[in-house]
Amino acid sequence: MPATLSPRKALHEWQLYLFLVPSLVLVATFMYFPAASAIYHSFFDWQGGDAARFTGLANYRRVLNDVVLWRSFETIGILIIANIIKLIPSILLAVLIHRLGSEKWQYWYRVLLVLPMIVPGLVRLFIWKFFFDPNFGILNKVLDFTGGKTLLIALDHHFLRWGIFHAGVPVPWLSESHLIVPSLIIWGFPWIGTVGVLIYLAGLQSIGTEVYEAADLDGVNSFQKFIHIELPLIMTQVRLSLVLLIIGTLQGFGLQFLLLGANGGAGGSGMVPGLWMFNRAFSAGEFGYACALGMVLFIFILALTLLNNKYVRVEK
Amino acid sequence: MTDGQTIAKGRKSADWLKHLVIGGILLIEMFPFYMMLQISFKDNAMFNRSPWLPAWITSWHWENWIFGARLVTPYLANTVFISVSATVGSIVIAVMGAYFFARYRMPFSGILWSAFLVLMLMPGVANIVPLFLLLKEMHLLNTLWALVILGVAGGQVFNIYVLRNFIEDIPKDLFEAAEIDGASHFQQIMNVVIPLSGSIIGTLAILTFLGSWNDFLMPLIVLRDRQLFPLGVGLIYLDGEPVKEWGRTMATYFLASLPLIILFLFTMKLFVRGLSAGAIKG
Amino acid sequence: MAGFKQIPASSPQGRESVYGQAMMLLTVQPVTRGNINLSVQLFQSVIDKNSSDDLGITAKYFLGRIEQIYRFEPDPARAIAIYEDLFHNHPEHPVAQQAFVKLVLLKLYDRIPDAERAKDFATFEVQGAKLQDHDAVRDFHLVMAQACAKFGFSEEKRLDHLLAADAAGVVKDDSKANLIVSIAEVARKLGRKDLALQYYRRFLDECPRDYRTYTVQQRIAATEQPAP
Amino acid sequence: MNREKIMNLIGLTLLAACFAMALTRVFSRTATHLGSDVVTIRFAHYQLESGVRGAFDAIAREYEKIHPGVVVEQMSIPENVYPTWTVTQLAGGTAPDLIEYGPSTGSDERLARYFQPLTEWVGSPNPYNKGTSLEKTPWRQTFLDGLTGWPNYNTNLLEIYGMPNTVVTIRFFYNRDLYRKITGNETLPRTYQEFIEVCRKVEQDGERITGHKVVPIAGSKSNAPRITESLFCGQVQKLWAQYQGDDLRQANGNEAVLRFAVLKHKLSLYDPAIQSAYQITHDAGQYMQPGFMQLNREDAVFTFTQGNALMIATGSYDTVSLTSQAPFEIGVFPVPSPTRDDPVYGKFVFGPATEAGAPTQGSFLLYMESKHKQQALDFLRFMTSQKMNALFAAKSGWLPAVIGVDVDEKMKPFMPEMDGYINGFRPYWGADTYRVIDNNQYLLLGSDGSVKKFLDALGKDFDAALVSDSQSVNKTSRNNLLRQDIALASYMQLSRQNAVPAAAKKVSELNEIETKLELDLDDGILEMNELGFPPMK
């Protein structure tokens, strides 16, 4: 953390504030004004037009006993835990690339990592929807071919008792209430966040080569090298990814909307808080209530972010 | 300082295994890229017959690419203008802002920082309407400057949040050394901050550039005259066609990303290698 | 609103502008309880000056409307009291007659035991006969006809009210189409064949392109040939 | 190391060069401002088919020919962005003069706040029909449905807002070669039983005859409801007749009576008619490819054009795109609904439903704050004149909305069938009941789905949805009533000072509308009070 300043020195360094002014002005006008409007409208019965009725905390009282919202927090909880676990592949890939002997290969792998970012989402969506297609999809073909299907049927019969896997009937991955969350978790295998990898690589770069030489001398094996050298040094980046992940997952609903529609799909098991906010605003026309939902969601995200900052310690 | 190649021999031998794993993962990551390329040479009938395997070179449909080129070129000038100005503006202002937070713990910096943090956590439901009204008041509607300013403002919160972490990791004595030589804050940024966090600045620049290069929602709402439209708007029309011409769409998407690829090949060198190498020596 | 304040409240235009200001307060967005209360006070000040001229009666009518739909927590009882008082004092004034229609609607559709509702219905039938204003007569009969269907009063009364509404003259095309079909249907159910056929035929030539055309033709065919 | 420097230099110069080129292009562009006396009329829509855009363009050019001082500009906006685009343009006051009706422009609140009611102009003939058979017909009656239904006539506001360009009918497109190969003949099914017979034949012998798996109907999230909803509505024709009231009102938009009947347990979802409606939905679902509910429109079209499905149900607007993509000949036949003598489903049905209520679409709304309102209205009259609608139908391949426009042979089977009974209600009666049904329909349409499993699952979620839908409808009618009351107050004032001649007539109209709205509102509030729920959220 930066050194705290005595008031006298701070006065001397007053021109440092000038550095923040441009950013502050831009953010205040173009980001704060719309956000403030959302907070303002959460106290109104507002249907998106300019007619609005002040109803004070009525929207917030309604949020408290909104069954669909609290059910959607269960789904989002599972997704957050899954996404946290899905951070690991990106870290491992970054470490692998970093440990490569030749600088030249490291550079070319870094370039190859940037390319997928350019491919528009439409293409990725097309491929993954095809992966889950019940009749032609790869997943069902692989399951049939490797006997995984019979395993699932047995599992379902004896253990799960959902009664959804039947011989001869293709598995409807995205239209069966029990299968939607697992499908959302599998989505995007092998879960490489190219942005994440680049950020970790930037962090790993600050490790001097002499540190590795010292570790080799002491006969440290590669796993201990990871735990004691590399992981601590990129903890700031990991903590950063955790924050971005929590915000992204809790606010995000694009994938659920594209795959399952505004109602959250079969059994409503694809319903997440962000999608419920979208549904209330655009399907039911209750913009004021959607703003109140937004505020409640904001408080959840804030709580999780503060928790993350407190418990994910970063020792230098 | 030994060159990279001769670093600890021990690690070199186990590299083929690493190459294998990295290569495998990258293959999966590059699959969409392959799909985009091979589909771009097919017409709908060929695509329907075999969506996955590339067609024989003899039956490639080059007219998809001509269609793509004719569609992309009119939008290029606007897109480059918006993306470059937004990226440069966003990074410069963000670096200054992050420097303020990271350099010293000034009075009120705690409040200001939480003000920034709050914005990042705020989910946007009805943000577009108030933003539009604001732009209307400022007579920025139907101008490219509106998109540049939105690009710069939009990137601030995220960029400052990321940059602050990295600038704080820079050892303090480097700053003190520069200060003793009489370097002003501005010179400290130029000589210490930028060289040391070159790669993260490069990554954020790529992200900001990409964001405004593909953006279609704000341009479509803010702009009215056709000749002001950027690339994102042109592409969204392709996606809207009820009869989806997959071949043409993919070819156009590839051509739309070509300038990005060329730019990254060069600027990647600039951010990754040039700057960081210098810092370690310094 | 600043414009209104310059004109002194006591002068004749002053009263008109106070009325205008009260009306403005109901339209200013966003609607707040404070604005509504202020509007009530301004209407009341207009009435206190002169409660029986055009402006006074209309102001009182809108006091009733505020209690009925503008307030965040509507108070139908107060609205009914205001409308009764208005109609009682100025039965001949069109606005007061419109208030009577609102009164009828509020009372019949309030949560009251059926017996009491039937009694009210009877008294309103008597009082309603005195209405002359065209709009009030038409709307009164439309409300009474709908109440018959909703609360199961006699179909004959429903038919009479529908016919009376048609006699008074419905303005909008689509309400006219609904009215004509309703009269024909009720007449058919009551076995008054000639009246039913008259209105079915009137529907066909006044509303040529309607989704009910085929069904009406079927009804005419069924009604014309003698019952098997 | 200097090779690094050179590479960096090249990179930087390249970037700078592109930027410089872009700068010159952007700033050299002279703003093409038009002369002040030229009037620009803009109309925005979200139909991106090239044929449709070409048709609108042709109409715009024709209009400019006879009105030299006017420029007509077409703005086509992609459908997925259209709601956001319209909301901001309306809120910002920069909307074009004519906007196409859509989910984001069609709510009562938006219509009443931003669009000009056209009721007063539809009574007189359309001047651009001079010299045709419709010369003296009122503008309104020149349309196939006389603008009596959704989306052009709003039953809550009792006003006409939209003037349509086309009418949408749902048909089955079928693969003629496959049909001949599998059924051995060319006769098309006319009744539901014959239709199921064909489906059964495809299911049994399809694979044997063609050598690959064939599905009777290509289904998807957007195609399946086209058939299942029309079959559902057919099955509840008699049931709706009991609730529709003497004015034979349409079910669409008047579902309040059904919501209260179910909440007061006078009508149960297990009612035989409703069960038969869900049963017929289930049956149709069995003949679609498994897991079709997760697929979208492109997947269904892909399956059909690949020859893996015999039929696909969609709107007449898909004719051009389907015929261009399918490597085989395509035929068309209407969705066969059960007849009265159908052994299983006959007893709940009057007969085939009228398509007079078929939604006329591609309707344009007149923006309230348009700077050239009269000119825009004139263009709207021109666009919906018989001659121009014929031009539109010919160029776009869509159906005309105006009477007397002859259609080429290929489109004849799509023309709406006017004769028929009033159709029943759809399964959902508001945003929340739609959500609950959408969430549970996999229990009905899945491979081992059943009506009982589906209805049991609806349970108390459906009741809660009925309450919340009723509450939001009550609030909408209260808001509509407030807006009417304020308009009425100002017209009362005008007519008292007889400043405006037509004020008295307007007062009479507004009183009539208010009476209807207040009857609906007070009915809704009474029902909710009797049920013990707060009338509004």
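Chain identifiers are assigned alphabetically (A, B, ...) following the order of the sequence lines, protein sequences preceding nucleic acid strands; residue numbering begins at 1 within each chain.
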Can you tell me which portion of [X] sits under 4.5 Å from chain B's heavy atoms? Options are side chain, backbone, both or neither.
X        : result
A:Leu18  : neither
A:Ile247 : side chain
A:Phe130 : side chain
A:Val243 : side chain
A:Leu244 : side chain

Is it the backbone or the side chain of [X] that comes under 4.5 Å from a heavy atom of chain A, or both, or neither?
X        : value
B:Ile22  : both
B:Leu112 : side chain
B:Phe254 : neither
B:Ala115 : both
B:Trp213 : neither
B:Leu121 : both
B:Leu207 : side chain
B:Phe33  : both
B:Leu135 : side chain
B:Ser184 : neither
B:Val118 : both
B:Met120 : both

Salt-bridge present (B:Glu179, B:Arg103; N to O < 4.0 Å):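 B:Arg103 and B:Glu179: salt-bridged.
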Closest-packed option against chain A by number of heavy-atom pairs under 4.5 Å, given B:Ile39, B:Leu117, B:Val162: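 Most heavy-atom pairs under 4.5 Å with chain A: B:Val162.
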Most chain A-contacting option - heavy-atom pairs closer than 4.5 Å, from B:Phe166, B:Tyr99, B:Phe186: B:Phe166
Ring pair (Phe, Tyr, Trp, His ring centres under 6.0 Å) between B:Trp246 and A:Phe126, worked out: CA-CA 11 Å; B:Trp246 286 101; A:Phe126 170 77; 4.9 Å; yes
Cation-pi geometry met for B:Arg164 and B:Trp113 (6.0 Å, 45°): yes
4.5 Å side-chain heavy-atom contact, A:Pro22 and B:Met96: yes
A:Arg280 vs A:Met277 side-chain heavy atoms within contact, under 4.5 Å: no
Could you tell me the separation between the [atom1] atom of [X] and the [atom2] atom of [Y], rounded to the nearest 0.5 Å?
X        : Y        : atom1 : atom2 : answer
A:Asp218 : A:Glu213 : CG    : CD    : 12.0 Å
A:Leu113 : A:Ile192 : CG    : CD1   : 8.0 Å
A:Leu302 : A:Leu306 : CG    : CG    : 4.5 Å

Greatest number of heavy atom pairs closer than 4.5 Å to chain B - which of A:Ala36, A:Ala28, A:Ser23: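 Of A:Ala36, A:Ala28, A:Ser23, A:Ser23 has the most heavy-atom pairs under 4.5 Å with chain B.
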Choice from A:Leu92, A:Val21, A:Leu24, A:Leu293 maximising heavy atom contacts with chain B below 4.5 Å: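 Ranked by contacts with chain B, first place is A:Leu24.
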Closest approach of A:Pro273 to A:Ile76 (non-hydrogen atoms, all atoms of both residues):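 Nearest heavy atoms, A:Pro273 then A:Ile76: CD-CB, 3.8 Å.
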A:Trp191, CH2: over 12 other non-hydrogen atoms inside 6.0 angstrom: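 Yes, CH2 of A:Trp191 has more than 12 neighbouring heavy atoms, counting only those of other groups under 6.0 Å.
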B:Phe101 and B:Phe116 aromatic ring geometry - parallel, tilted or perpendicular at 30°/60° bounds: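 It falls in the perpendicular class, over 60°.
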Main-chain N/O of A:Ala94 paired with A:His98 side-chain donor or acceptor, under 3.5 Å: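 No: the side chain of A:His98 does not pair with the backbone of A:Ala94.
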Ring pair (Phe, Tyr, Trp, His ring centres under 6.0 Å) between A:Tyr109 and B:His19, intermediate numbers included: CA-CA 10 Å; A:Tyr109 279 137; B:His19 282 296; 5.8 Å; yes
